[in-house]
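What follows is a single structure, written as structure tokens, with notes after it.
Every chain is numbered from 1, with letters handed out A, B, ... down the list of sequences.
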Number of protein chains: 2
Amino acid sequence: MTTMTDPEITPQDEAARAGWLYYVGGLTQDQVAAELGVSRQRAQRLVAKAMADGLVHVRLEHKISACLDLEVDLTRRFGLKLARVVPALPAGLETSHATAPAAAQVLERYLAQPEPLIIAFGTGRSLSAMASEVIRTPHAPHRIVSLISNIAPDGSASFYDVIMRMADKLQLPHYPMLVPVITDTIAERALFNALRPVQAVMELAANADVTFVGIGQMNGEAPLYKDGFITRSQLEDLQRAGAVGEIVGGIFDAEGRYIDTETTRLIGSFRIPAGREKPVIAIAAGLSKIGAMRAALKGQLVNGLVTDESTARALLA
Amino acid sequence: MTTMTDPEITPQDEAARAGWLYYVGGLTQDQVAAELGVSRQRAQRLVAKAMADGLVHVRLEHKISACLDLEVDLTRRFGLKLARVVPALPAGLETSHATAPAAAQVLERYLAQPEPLIIAFGTGRSLSAMASEVIRTPHAPHRIVSLISNIAPDGSASFYDVIMRMADKLQLPHYPMLVPVITDTIAERALFNALRPVQAVMELAANADVTFVGIGQMNGEAPLYKDGFITRSQLEDLQRAGAVGEIVGGIFDAEGRYIDTETTRLIGSFRIPAGREKPVIAIAAGLSKIGAMRAALKGQLVNGLVTDESTARALLA
DNA sequence: TCATTGGTTGGGCATTTGCTCACACTCTGG
DNA sequence: CCAGAGTGTGAGCAAATGCCCAACCAATGA
């Protein structure tokens with residue numbers, strides 16, 4: 001109807017409006033087009049853009065009883081404070097896609113709290129997907145801190161810049177980890193650790209009220225290796241030392257005990273202590289991660305878990 | 001794949017799973033059908049059921065700048081603590097449908113708070129729609145209290161049993177208002193008011209940390225009249241006394257001052273005091289309500305508003 | 001036992017939607 | 001001023017979806 005060419009309307013505005021009419025209003029794309037005074041194709045493109053830009057968030061209210069049962073079982077078996085199990089998507093699909101909305105919901109519960117919290121994040125696909133799903137919360141009083149940087153030894157940044165996207169979305173003060181994931185020498189690492197801002201970040205991380213991390217496997221698919229943070233020989237060195245998994249660069253064996261090798265001493269992230277009192281929530285799913293996840297749970301490196309149905313079953317088997 | 005006839009799976013479970021695969025997983029209905037081992041038609045029915053049962057919740061992240069501007073304007077003009085404006089749906093559609101998701105989001109922010117709150121609710125279409133949209137929050141420590149009952153003089157209950165649905169959904173202790181909306185005589189009303197449980201509910205209502213209400217107009221479309229709570233002659237009596245609107249049965253004039261007539265003295269609800277410090281959030285939209293809404297804002301009967309774009313514009317005009 | 005009824009299932013069809021392709025328009029550099 | 005690259009637009013079509021209808025099944029009552 002109103003087809004005045006306001007100077008203020010951004011493309012996102014249009015997309016959001018189209019998405020609103022379509023998803024919330026339940027109009028057909030023809031009707032949306034008529035309402036906005038554009039062609040049907042354009043309406044369809046706007047709706048698609050709204051979805052692609054992550055403006056549209058879909059959540060399910062109902063907990064499927066099978067998943068609920070698994071949550072209870074996981075909580076008991078591993079002494080967790082929190083377990084969320086989502087239905088599995090058919091094999092082949094990106095698993096992080098499935099856990100992300102549930103993880104976002106967990107995070108939002110913390111974000112909604114009125115007292116200021118320190119919220120710590122790792123990196124990785126799962127966390128990145130969670131960041132996309134979080135709905136923006138206005139003026140929350142929290143601070144967010146990164147437990148690991150995303151800078152590879154060659155200086156390039158991996159895609160999963162969780163903390164920046166989170167900070168951008170939530171408008172919160174944020175403290176990135178300045179130490180590179182891995183340095184060349186122990187001396188260099190020590191140099192970084194001596195920096196004031198680094199110490200401040202470590203201090204914040206140690207006092208985080210809640211921590212969200214992914215869990216990385218240490219087989220050939222290891223994210224640390226795949227994303228170019230460690231070399232193949234370093235990976236093999238770690239595997240020989242019994243590494244089965246990794247949480248923000250802290251590498252542990254099948255019992256969930258951190259291991260210590262030449263390579264681990266070069267890794268510059270905050271090491272989450274085992275058996276923490278404050279919530280440490282892992283977001284992880286996928287059969288290839290089972291070993292790493294079971295070890296992390298056994299070693300009490302995490303006390304909360306967001307995963308999917310098939311992974312939960314495998315963990316309990 | 002797994003077509004075992006588990007005894008535990010309810011129809012809702014199936015619907016939820018289908019909805020999950022479809023909406024979150026982004027599968028086509030054919031794929032959902034294959035995954036669940038049912039026919040495509042059944043899959044389509046399950047997905048539709050998931051939607052119809054309100055299992056699927058869609059929210060938009062982006063605030064359309066036009067709406068944001070209106071929020072700011074409303075806040076300034078009427079001294080509000082909170083204003084939320086959603087894009088308008090084309091004329092003719094149920095307006096409460098549009099405001100509901102936004103209102104639910106506001107409510108969820110309170111529900112997520114860890115300290116126990118007293119949350120008070122009115123009734124009506126808008127609140128009822130909000131209740132449908134709220135996503136279940138596990139073991140929150142709050143109590144919810146009703147400000148007005150939904151029992152008509154003939155003993156029948158109106159559909160909008162907000163507090164019961166809310167309590168059911170959120171598993172919270174709830175305190176329904178026992179006094180009928182309107183009694184036959186002042187003596188009868190006094191009798192009700194003397195009851196211990198009624199006094200307890202009034203006490204809770206007075207101490208509510210946050211209050212959600214609808215706003216009713218007092219023209220021929222008045223909800224109080226339409227839903228059979230007051231007779232035509234009572235409506236006319238009120239109109240003669242200058243009534244333009246109503247909040248949980250508290251009837252006010254164009255300046256937002258509560259009015260006092262034979263009829264109002266029979267109404268048995270909690271009267272929200274003007275200029276309350278704690279948030280009192282109205283959820284209302286629609287051109288027919290403009291007069292009532294403007295009056296309520298003028299009289300500071302509410303200090304928060306969730307409405308839609310066209311209503312907001314009309315209010316500011 | 002059998003007919004009736006209420007509800008569920010799958011087939012078929014009209015509508016809606018996603019996508020590709022060719023074209024137009026604009027912006028930039030020669 | 002023109003050529004070329006890149007972005008955006010509308011037409012058309014195949015796939016996906018929603019919906020109606022006839023058939024089927026289970027339960028009830030005569």
Side-chain angles (χ1 to χ4, degrees), chain A residues 1-60 62 64 87 89-90 92-94 97-98 132, chain B residues 1-60 62 64 87 89-90 92-94 97:
Chain A
M1 296 292 152
T2 54
T3 325
M4 295 174 298
T5 43
D6 281 84
E8 297 289 3
I9 48 167
T10 69
Q12 279 240 329
D13 262 25
E14 256 193 307
R17 194 174 283 271
W20 170 269
L21 291 168
Y22 186 68
Y23 289 107
V24 181
L27 306 199
T28 137
Q29 296 187 352
D30 276 320
Q31 295 172 296
V32 173
E35 190 67 19
L36 267 54
V38 300
S39 71
R40 187 188 74 79
Q41 287 85 344
R42 183 150 171 72
Q44 129 78 352
R45 275 185 198 110
L46 287 172
V47 170
K49 180 179 164 60
M51 182 54 90
D53 290 1
L55 269 44
V56 180
H57 295 257
V58 182
R59 297 214 177 142
L60 274 199
H62 186 77
I64 295 164
L89 294 177
L93 272 108
E94 189 66 57
H97 192 239
S132 312
Chain B
M1 298 287 154
T2 54
T3 325
M4 294 174 298
T5 42
D6 281 86
E8 297 289 0
I9 49 167
T10 70
Q12 279 240 330
D13 262 25
E14 256 194 306
R17 194 174 284 271
W20 171 269
L21 291 169
Y22 186 68
Y23 289 107
V24 181
L27 305 200
T28 126
Q29 296 188 351
D30 276 319
Q31 294 171 295
V32 173
E35 189 69 19
L36 266 54
V38 300
S39 70
R40 188 188 73 78
Q41 288 83 347
R42 182 150 173 72
Q44 128 78 353
R45 273 186 201 108
L46 287 172
V47 169
K49 179 178 165 59
M51 182 54 92
D53 290 1
L55 267 45
V56 180
H57 296 257
V58 181
R59 302 224 173 134
L60 276 199
H62 185 78
I64 296 163
L89 294 176
L93 273 106
E94 189 66 56
H97 192 238

Using a 4.0 Å heavy-atom cut-off, write out nucleotides 15-22 of chain C from 5' to 3' as B (base contacted by protein), S (sugar-phosphate only) or - (no contact).
--BBBB--
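Contact check, A/Ser39 against D/dT9: no side-chain N or O comes under 4.0 Å of OP1 or OP2.
Between A/Val38 and A/Ala43, the closest heavy-atom pair is CG2-N, 4.0 Å.
Atom CG in B/Leu46 sits about 14 Å away from atom C1' in C/dG10, given to the nearest Å.
The CD atom of B/Gln44 lies 8.0 Å from the OH atom of B/Tyr22; values are rounded to the nearest 0.5 Å. Rounding to the nearest 0.5 angstrom, the gap separating the CD1 atom in A/Ile64 from the CH2 atom in B/Trp20 is 8.0 Å.
A salt bridge does not link B/Glu35 to B/Arg17: none of the charged side-chain nitrogens sits closer than 4.0 Å to a carboxylate oxygen.
With B/Glu14 as reference, B/Arg42 is the one residue of B/Lys49, B/Arg45, B/Arg42 to meet the side chain to side chain contact (heavy atoms under 4.5 Å, CB included) rule.
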